Structures are given as structure tokens and as C-alpha cells.
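Reminder, nothing fancy here: chain letters follow the sequence lines and each chain counts from 1. The figures here come from the full heavy-atom set of this structure, side chains too, leaving out hydrogens, waters and symmetry mates. Note that the coordinates shown come from a computational prediction; the quantities given were computed from them, not determined experimentally.
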There are 2 protein chains.
Amino acid sequence: MKTIDIFKALSNETRLSMLHWLKEPEKHFPAQGAHIPKGIHFVGGVCVGDIQEKAGLSQSTVSSYLNMMQKAGLLESFRYGQWTYYRRNEPFIREFAEQIRTEL
Amino acid sequence: MKTIDIFKALSNETRLSMLHWLKEPEKHFPAQGAHIPKGIHFVGGVCVGDIQEKAGLSQSTVSSYLNMMQKAGLLESFRYGQWTYYRRNEPFIREFAEQIRTEL
DNA sequence: TTGACTTATCGCGAAATCTCGATATATAAT
DNA sequence: ATTATATATCGAGATTTCGCGATAAGTCAA
């Protein structure tokens with residue numbers, strides 16, 4: 001949650017791309033939610049496997065990248081069954097951007 | 001000048017501090033410009049030596065950090081005589097902050 | 001020219017990051 | 001229980017970054 005950790009998370013081409021892809025999930029990934037029951041809504045989340053395929057890196061790398069971005073606060077995740085869905089943490093990102101604008 | 005390079009430059013405690021110190025040079029450094037003749041104005045610039053002392057790292061490290069931040073676009077420099085003065089590149093930083101706000 | 005001073009560059013070992021394959025864990029299906 | 005699938009974690013080699021001291025390059029004063 002430290003500023004440095006956010007910058008570090010953003011200091012990698014692949015991770016930066018992931019963040020951008022997740023801005024428009026429906027544009028960059030197959031339709032999601034096939035495994036999410038009706039009651040639960042986690043809009044905009046994409047499962048790890050689809051992100052991995054898009055990124056073209058190994059499964060382990062993508063998993064740890066996503067975990068790193070979540071720890072930094074940029075992403076949030078939701079697990080349903082054997083799937084983990086990730087999406088952008090928009091309020092956090094907005095807040096961060098605002099902080100950059102005023103304090104950098 | 002690539003976005004990644006900016007994030008990398010910001011991914012270090014010392015470099016981030018330097019950028020903050022240079023927001024209010026008169027607050028963090030001795031008075032500057034003793035070696036700048038009247039005709040030239042490079043307001044807000046601080047010489048490498050003063051930045052080094054404040055940072056508490058070696059001269060070589062500080063010099064290369066400053067150079068790195070300049071290459072990224074965050075700083076600009078002006079050499080007069082044997083002194084090199086660095087200051088924030090405010091338009092660039094503002095532009096970067098705006099880009100973060102709209103594109104991150 | 002010589003010497004003093006400021007900054008930049010070079011080379012290095014230590015630490016961190018990148019990325020992978022292998023394996024572990026968790027859940028689902030049979 | 002066993003098997004299959006999705007994700008997380010572990011260990012390792014390659015690359016990058018960190019920060020240093022030594023040295024080079026540029027400038028000024030005597």
C-alpha cells in the first residue's frame with residue numbers, strides 16, 4: 001500500500017498492459033462469469049487463465065504479477081470455486097492518480 | 001521518455017524524495033545561485049553537491065540518479081561553470097500526472 | 001601549467017526483479 | 001476415493017538495479 005510499491009507494480013510492461021486490458025475487459029477477454037452463480041456480481045472481473053493467455057507469460061508469472069498488483073492496491077480479486085477473478089480497484093486508482101496530481 | 005522509465009525513476013525512495021525536495025528548494029537546501037551570473041535565471045535549480053548532502057548517498061549515486069530522472073523527463077538541468085543545477089520539469093510532471101489520471 | 005573543485009562515468013559486488021518449470025493447494029466432477 | 005482443472009507457491013538461473021569507490025572530464029584560480 002506504499003506509494004513506492006505502486007510505482008514498482010507499474011514499472012513493468014506486462015503489468016501495465018494488464019491494468020489497461022482490465023479497463024475494458026469485454027474488449028480484451030472472452031466473456032466472463034460462466035462459473036459465477038447468479039446471486040453474486042463481480043462486474044469486470046477476469047479469471048487468471050484468460051489474463052495469462054493474453055499476456056503470453058507463464059501461469060506462475062501471471063499469478064504472482066496479479067498478486068503483486070493486488071497487494072499494491074491496484075487490483076481486487078474474488079474467488080469463486082476454482083476460479084479467481086481479478087478486476088481494477090477503481091476508487092484506489094482514482095485516489096492514486098489524484099495524489100500524483102497534487103503531491104508529485 | 002517512456003512511461004515505464006518514469007515509473008522506474010519513481011520506484012526508489014531516494015529519487016522520490018529528491019523530487020519532493022525540489023518542490024520547495026528554499027525550504028530544503030541552502031540558497032542557490034551564488035555561482036550563477038545575474039544575466040541568467042534558472043529559478044529553483046539546486047546544485048548536485050547540495051542534493052547529495054541532503055540525500056546522504058555517494059556523489060556518484062546521486063549524480064546518476066539525477067541523470068536518470070532527467071532522462072525520464074522529470075528533471076531538467078543547467079550547467080554554469082563547474083556546477084550543474086537541477087530542477088523539476090514542471091510542465092512535464094503536470095502532463096504526466098494528467099496522463100495518469102486519464103489513461104491509467 | 002598546476003592544483004583545487006564540481007560533476008560525470010566506469011567497474012564492481014550485493015541485492016532485487018524477471019520469468020520459468022515443478023509442485024502444492026483448492027475445488028469440482030465422476 | 002480418484003481424477004481433472006484452476007490457481008498459488010516454491011526454487012532457481014538470468015537479468016537488472018542499488019550504491020559504492022576510483023577515476024575521468026570539465027572548469028576555475030593562481
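Between Tyr86(A) atom OH and dA6(D) atom P the separation is 16 Å, expressed in whole Å. Put simply, CD on Gln70(A) is 14 Å from P on dT7(D), counting in whole angstrom units. For the pair Ile4(B) CD1 and dC18(C) C1', the interatomic distance rounds to 13 Å; values are reported in whole Å. Leu16(A) has its CG atom 17 Å from the C1' atom of dT17(C), to the nearest Å. Rounded to whole Å, atom P of dC20(D) lies 5 Å from atom CG of Leu57(B). Rounded to an integer number of Å, the gap from Arg79(B) CZ to dT7(C) C1' is 6 Å. Taking atom CH2 of Trp83(B) as the reference point, atom P of dT7(C) lies 8 Å away to the nearest angstrom. Between Asn67(A) atom CG and dA8(D) atom P there is a gap of 7 Å when expressed in whole angstrom units.
Nearest nucleotide to the Tyr65(A) side chain, out of dA8(D), dT19(C), dG26(D): dT19(C). Residue Val48(B) places its side chain closer to dA8(C) than to any other of dT9(D), dC20(C), dA8(C). Here the side chain of Gln59(A) is nearest to one of dT7(D), dC20(D), dA6(D), namely dT7(D).
Phosphate proximity of dC18(D) to Asn12(B): present, with a side-chain N or O under 4.0 Å from OP1 or OP2. Between Thr61(A) and dC20(C), a side-chain N or O to OP1/OP2 separation shorter than 4.0 Å is present. Residue Tyr80(B) places none of its side-chain N or O atoms closer than 4.0 Å to OP1 or OP2 of dT27(D). Distances shown here put every side-chain N or O of Tyr85(B) at or beyond 4.0 Å from the OP1 or OP2 atom of dT7(C). For dA8(C), the OP1/OP2 oxygens have a side-chain nitrogen or oxygen of Thr84(B) closer than 4.0 Å.
The neighbour count for Glu95(B) CD, taken as heavy atoms of other residues, nucleotides or ligands under 6.0 Å away, does not exceed 12. Enclosure of atom CD in Gln99(B) by more than 12 non-hydrogen atoms of other residues, nucleotides or ligands within 6.0 angstrom is indicated.
Both Lys8(A) and Ser77(B) sit near DNA chain C, but only Ser77(B) has its closest nucleotide nearer the 5' end.
Across all strands, Ser60(A) comes closer than 4.0 Å to base atoms (heavy-atom distances).
Put simply, the side chain of Ser17(A) does not reach to within 4.5 Å of the side chain of Leu19(A), judged on heavy atoms.
Between Arg101(B) and Glu98(A), none of the side-chain N atoms (NZ, or NE/NH1/NH2) sits under 4.0 Å from a carboxylate O, so this pair counts as no salt bridge.
Taking the six-membered ring for Trp and thresholds of 30 and 60 degrees, Phe96(A) and Phe7(A) have ring planes more than 60 degrees apart, a perpendicular arrangement.
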